[in-house]
Amino acid sequence: MSNIILKMDSISKSFDGKAILSDFDLEIRRNEFVTLLGPSGCGKSTILRIIGGFVRPDKGRVLFEGKDITALPPEKRNVNTVFQKYSLFPHMNVEENIAFGLKLKKKSPEYIRDKVQYALNLVNLEGYEKRDTLSLSGGQQQRVAIARAIVNEPELLLLDEPLGALDLKLRHGMQRELIKIKQEVGITFLYVTHDQEEALMMSDRIIVMNKGIIQQAGDSKSIYDEPQNAFVADFIGESNIIGALMVKDLLVRIQGVDIPCVDTGFGENVPVDVVIRPEDIEIVPENMGYINGRVMSVIFKGAYYEIKVQSEDFSWQVQSVNPAPVGEMVGMTVLPDNIQIMHKPASEDEEVVKDE
Amino acid sequence: MNEAKSNFTSRRILLASPYIVWVAGFTILPLIIIIHYAFTDAGGAFTFSNLGLIFSPIHLKAVMFSLEIAISSTVACILLSYPMVMAMRHLGLGKRTFSLFILILPMWMNFILRILAWQMILSNNGILNMILSWFSIAPLKIANTGTSIMIGVVYDYLPYMMLPIYTAIMDINEDLIEAARDLGAGSLTIFLKIILPLSLPGLLSGIVMVFVPSMTSFVISDILGGGKLQLIGNVIEQEFTTANNWHAGSGLSVALMIFVLISMAFTTKEHKEGRESVIW
């Protein structure tokens, strides 16, 4: 059996003449936890809806375990979805909601009872069988929605920002539980979110998207440490993105200062973008680092101080466990390893998304 | 402070006084008069015999016929409403509003006028048979039958069935339908397991609003039944007008009222169990 469970083959889709996806390709491997990550409107939900069967692509094919399912309606697909708004049936109790899919498959009552119990255990809702879904909290409703999808043992589970409506603390708890559930049931997860932290924490593989185009795909660490363009660098966590000059291999000129780095192969005297994570910058006394600047503000964030250092026309973001004196001049230094060099954006989708 | 609040509330109630006067004068007072007549005989003595008149064979027959018309009309309205509303569900907002407008349009015309129009269409040498004759189809004898009455009742009360069902079904979130499809439900299952149960409050309002007036109607049967077919409404009307027997008429009215209240008690009980009632 092929290891590729789902393949999207040059899918195009437009809504009202606006192209959301064009010639989009995607492969998902069996038992993977894949996350589609991107800002709203980047096409990630459309991809999920095409796989679920709710949206028919204008062009292209969807292959599920090698079979073309492009024209198959949702009810005929061996895929289940956990919806963002839970979408529990309000006229059914928890047990009836979870059993809905199994009853349609004409499973025996004993089988259904066992499966519902198993699913309720899995989502930590033992004893909630007869509860009215409307009496449950948002987090509990989402658990029921997850249970309702996984009892059907789909080959692929689609999750459309399932934690988007939950508060932060609940969301963190559910993230850990989802990983646990994933490990226990061994189903392939395709997860959609705009929350980079969520994506970094849960995924085996992250696919960062913008404007319908995959910007970068890889595991959490490579996405975070080696963003391939300004969009990815900016979208995945805080970062300083500044224009620079690649003098030669292993040497980059930032704000007129030559700083050693580890990147090669960009050529000589080529304009590039440089990404430095705020936590990778170290504040040192003036003239002891590469670049000097004035401390403009220091904000205590709990685990660290967020410091803004103005140098020429660029405001550096620094995260440090030690505060810095506001208004004073300081130096900044960075290890060669922590400088990430990128090509200048080749197209609009690779650029940083500006706040409006 | 409490006093000020209750003072305020009582002054607010004053706003309803025109309506209270109206209800007192034209609903409660007539009801008292009817009940008074119902429980007294010509001499003014207390009696149950007027109420008991409903069990006389001729009256019972009229009740049964009324029940037959009311139930079949209600069922016909339900069967017409659901497919129509389901079709409207998938229309765009503009088209949907337009279809709703078309649906309500006949209600802007006078009720008697509409029934008279049906009389012209259904009569033995009326419009329907004329059209049939163009295709060499034998004329239908619909005029002055139960069918003719039923057509009139359905035509008149259909909007009262369709509107609450429409409201209830439009309230069903498309997400629920998608969730059901995702779990493997086809169109029929979605209708039976999701749409029908969730539109139940609307259906029940519709049943109440169609069943009760058609059970008690008499003008439609007068015009479309040719005066030969007697609904219980016609019997009561004749007791008041032709026979001038207010005691019998009132007795039958009260008996009918009790019957309707009992049959509605079942629906309202269900109604309370529904998640939300649709009242429009």
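Numbers restart at 1 for each chain; the letters A, B, ... are given by sequence-line order, proteins then strands. We use all heavy atoms of the structure for the numbers below, so side chains are in, but hydrogens, waters and symmetry mates are not. Computed from a prediction, not measured in an experiment: that's the story for all the values here.
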Original post:
Rounded to the nearest 0.5 Å, how far apart are CD of A/Glu75 and OG1 of B/Thr189?
Top reply: 9.0 Å
Using non-hydrogen atoms and a 4.5 Å limit, figure out which bit of [X] sits close to chain B: side chain, backbone, both or neither.
{"X": "A/Val79", "value": "backbone"}
{"X": "A/Asn152", "value": "side chain"}
{"X": "A/Leu88", "value": "backbone"}

Would you say that more than 12 heavy atoms from the other residues, nucleotides or ligands in this model lie under 6.0 Å from the [atom1] of [X], or not?
{"X": "B/Met64", "atom1": "CE", "answer": "no"}
{"X": "B/Phe98", "atom1": "CZ", "answer": "no"}
{"X": "A/Lys85", "atom1": "NZ", "answer": "no"}

Of all heavy-atom pairs between [X] and [Y], which one has the smallest distance, and what is that distance?
{"X": "A/Pro74", "Y": "B/Arg181", "result": "CD-NH2, 3.1 Å"}
{"X": "A/Pro90", "Y": "B/Leu198", "result": "CG-CD2, 3.6 Å"}
{"X": "A/Phe100", "Y": "B/Ala185", "result": "CE2-CB, 4.0 Å"}

Subject >> Between A/Lys105, A/Arg148, A/Lys76, the one whose heavy-atom pairs under 4.5 Å with chain B are most numerous >> reply: A/Arg148
**OP:** Give, as side chain, backbone, both or neither, the part of B/Asp175 having an atom under 4.5 angstrom from any heavy atom of chain A.
**Re:** both
**OP:** I would like to know whether A/Phe89 and B/Lys193 meet side-chain contact (heavy atoms from CB on, under 4.5 Å); could you show each step before the answer?
**Re:** CA-CA 10 Å; A/Phe89 305 126; B/Lys193 296 270 168 88; over 6 Å; no
Subject >> B/Leu176, B/Ile177, B/Asn173, B/Asp182 screened by side chain to side chain contact (heavy atoms under 4.5 Å, CB included) with A/Ser87, the one that passes >> reply: B/Leu176
Original post:
Could you walk me through whether B/Ile194 and A/Met92 pass the side-chain contact (heavy atoms from CB on, under 4.5 Å) check?
Top reply: CA-CA 10 Å; B/Ile194 310 290; A/Met92 299 180 191; 4.2 Å; yes
